[in-house]
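Take a look at the structure below.
Note that these values count all heavy atoms, side chains included, but never hydrogens, waters or copies made by symmetry. Just so you know, these numbers come straight off a predicted model, no measurement behind them. Residue numbers begin at 1 in each chain, while the letters A, B, ... track the order of the sequences.
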Number of protein chains: 2
Amino acid sequence: MSKTRNSKNRSLVIDIIKKAEQPISAENIFNSINSIKKVNLSTIYRILNSLTNQNVVIKQLKQDGIHYYEINDNTHKHNLICDRCHKTIKIENCPLKEFENSIKQKINFDITSHIIEFHGICKNCQK
Amino acid sequence: MSKTRNSKNRSLVIDIIKKAEQPISAENIFNSINSIKKVNLSTIYRILNSLTNQNVVIKQLKQDGIHYYEINDNTHKHNLICDRCHKTIKIENCPLKEFENSIKQKINFDITSHIIEFHGICKNCQK
DNA sequence: TCCTTTAATGCAAATCGTTTGCATTAAGAT
DNA sequence: ATCTTAATGCAAACGATTTGCATTAAAGGA
């Protein structure tokens, strides 16, 4: 294994993902950094893949065909995506723990991971 | 609205998706049809998009970056994907109904749809 | 049945997010 | 300060899907 160097871009990317507080796309990160200094998109992708492999961030492909990244704080969370304002709301408790247990008991399928995409309309946008 | 014609390819595609009994990709369908008669991939995509818009089939983008199609029988189901044999197991009852209600009550977010991707190891492959 | 209309198709090129090869630059260990 | 090699920029490639355009073939009416 080669050692990961602490490049400026790498820490910039981490900072931006942290600040975002929502899953954020490569292009978004690219734009954020580019407003400060010039970077190449492929650099962003390489950094993101490295961060993903090292479990620093979690990568999820959403139904819009774009990968979104968020900090991996080792808690299992899900997001609610508002289809009107496109904001994402974090929810802390995962509703599927018991379900996964019951599936294990019923049909002996061992669920090791799950990805959910919730869509709907947030409180504000319902007005 | 223009009227959809009952082309041979269209009904072939529907048949193949039905027979598959698993979510199936455009390329899979393409190969199936091509073993019988010559078709163009873009034709398959056009048929699939038409079927999706007419709610005849349901389209889901999975984490592998490929769209999978299954017949829409208007029941809400989910699939368990075995990461070893890559088979898909259908599960009939959705575990998220109560959860969605509780979210509505707690934070007044109105969940209109959700997509789940369960991964794990099936009964057979655990041996 | 033959005509007419227009949806369906084939083909090639375009799209879009992401990845890769290669030459250059710069971390960070010695 | 020097050396090794990870990080970067740039352009080209990638793979799934879409699109433009010319051609073919359903399906309704004469």
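Between B:H119 and B:K62, every side-chain heavy-atom pair lies at or beyond the 4.5 Å cut-off. Between B:E27 and B:I44 the shortest side-chain heavy-atom distance does not fall below 4.5 Å. Side chains of A:K127 and A:N124 form a contact here, defined as non-hydrogen atoms less than 4.5 Å apart.
One interatomic measurement links the two molecules: CG of B:L12 to P of C:dA8, which rounds to 15 Å at whole-angstrom precision. One atom, CD1 of B:I29, and another, C1' of D:dT17, lie 14 Å apart when rounded to the nearest Å. Taking atom CG of residue A:L61 and atom P of nucleotide D:dA16, one finds them 13 Å apart after rounding to whole Å. Rounded to a whole Å, the CG atom of B:D64 is 14 Å from the C1' atom of D:dT17. Regarding A:N9, its CG atom lies at a distance of 12 Å from the P atom of D:dC10, rounded to whole Å.
For B:E100, the salt bridge (charged side-chain N to carboxylate O under 4.0 Å, His left out) criterion is met by B:K97, not counting sequence neighbours. Taking A:N40 as the reference, A:S42, A:T43 meet the side-chain contact (heavy atoms from CB on, under 4.5 Å) condition, with sequence neighbours excluded. By the side-chain contact (heavy atoms from CB on, under 4.5 Å) test, A:R5 is found to be paired with no residue, residues two or more places apart in sequence or in another chain being considered. For the salt bridge (charged side-chain N to carboxylate O under 4.0 Å, His left out) test, no residue two or more places apart in sequence or in another chain qualifies with B:K18.
A donor-acceptor pair under 3.5 Å is absent between the side-chain atoms of B:E70 and the main chain of B:I17, judged by distance alone. Of the possible polar contacts, one joining the A:N34 side chain to the A:V39 backbone as a donor-acceptor pair under 3.5 Å is found.
Linking ILVMFWY residues whenever their side-chain heavy atoms come closer than 4.5 Å, directly or via other members, leaves A:I58 and B:I115 in distinct clusters.
At D:dT17, one or more side-chain N or O atoms of B:H67 fall inside 4.0 Å of OP1 or OP2 (strictly under the cut-off).
Ring orientation note: the planes of B:Y69 and B:H67 are tilted relative to one another, at an angle of 30° to 60°.
The bend of the helix from C:dT1-D:dA30 to C:dT30-D:dA1, defined by the angle between the axes of its first five and last five pairs, stands at 30° to the nearest 10°.
Using a 4.0 Å cutoff on non-hydrogen atoms, no part of residues 19-27 of chain A comes near DNA chain C. Of the residues in residues 46-56 of chain A, those placing a heavy atom less than 4.0 Å from an atom of DNA chain D are A:R46, A:I47, in numerical order. DNA chain C is contacted by A:L41, A:S42, A:Y45 of residues 31-45 of chain A, taking any non-hydrogen atom closer than 4.0 Å.
Looking at A:L51, A:I29, A:I47 one by one, the single match for side-chain contact (heavy atoms from CB on, under 4.5 Å) with A:I14 turns out to be A:L51.
Taking Ile, Leu, Val, Met, Phe, Trp and Tyr as members and joining any whose side-chain heavy atoms lie under 4.5 Å apart, directly or through other members, the hydrophobic cluster of A:F109 also contains A:L80, A:I89, A:I91, A:L96, A:F99, A:I103, A:I107, A:I111, A:I116, A:F118, B:L80, B:I89, B:I91, B:L96, B:F99, B:I103, B:I107, B:F109, B:I111, B:I116, B:F118. The hydrophobic cluster containing B:I66, built from Ile/Leu/Val/Met/Phe/Trp/Tyr side-chain heavy atoms closer than 4.5 Å, also comprises B:Y68. Residue A:L61 shares its hydrophobic cluster (ILVMFWY side chains chained together at separations under 4.5 Å) with B:L61.
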task: Spell out protein contact along nucleotides 24-30 of chain C as letters: B when the base is contacted, S when just the sugar-phosphate is, - when no protein heavy atom is under 4.0 Å; keep the 5' to 3' order.
output: --BBS--

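Atom CG in A:L12 sits 5.5 Å away from atom CD1 in A:I36 (nearest 0.5 Å).
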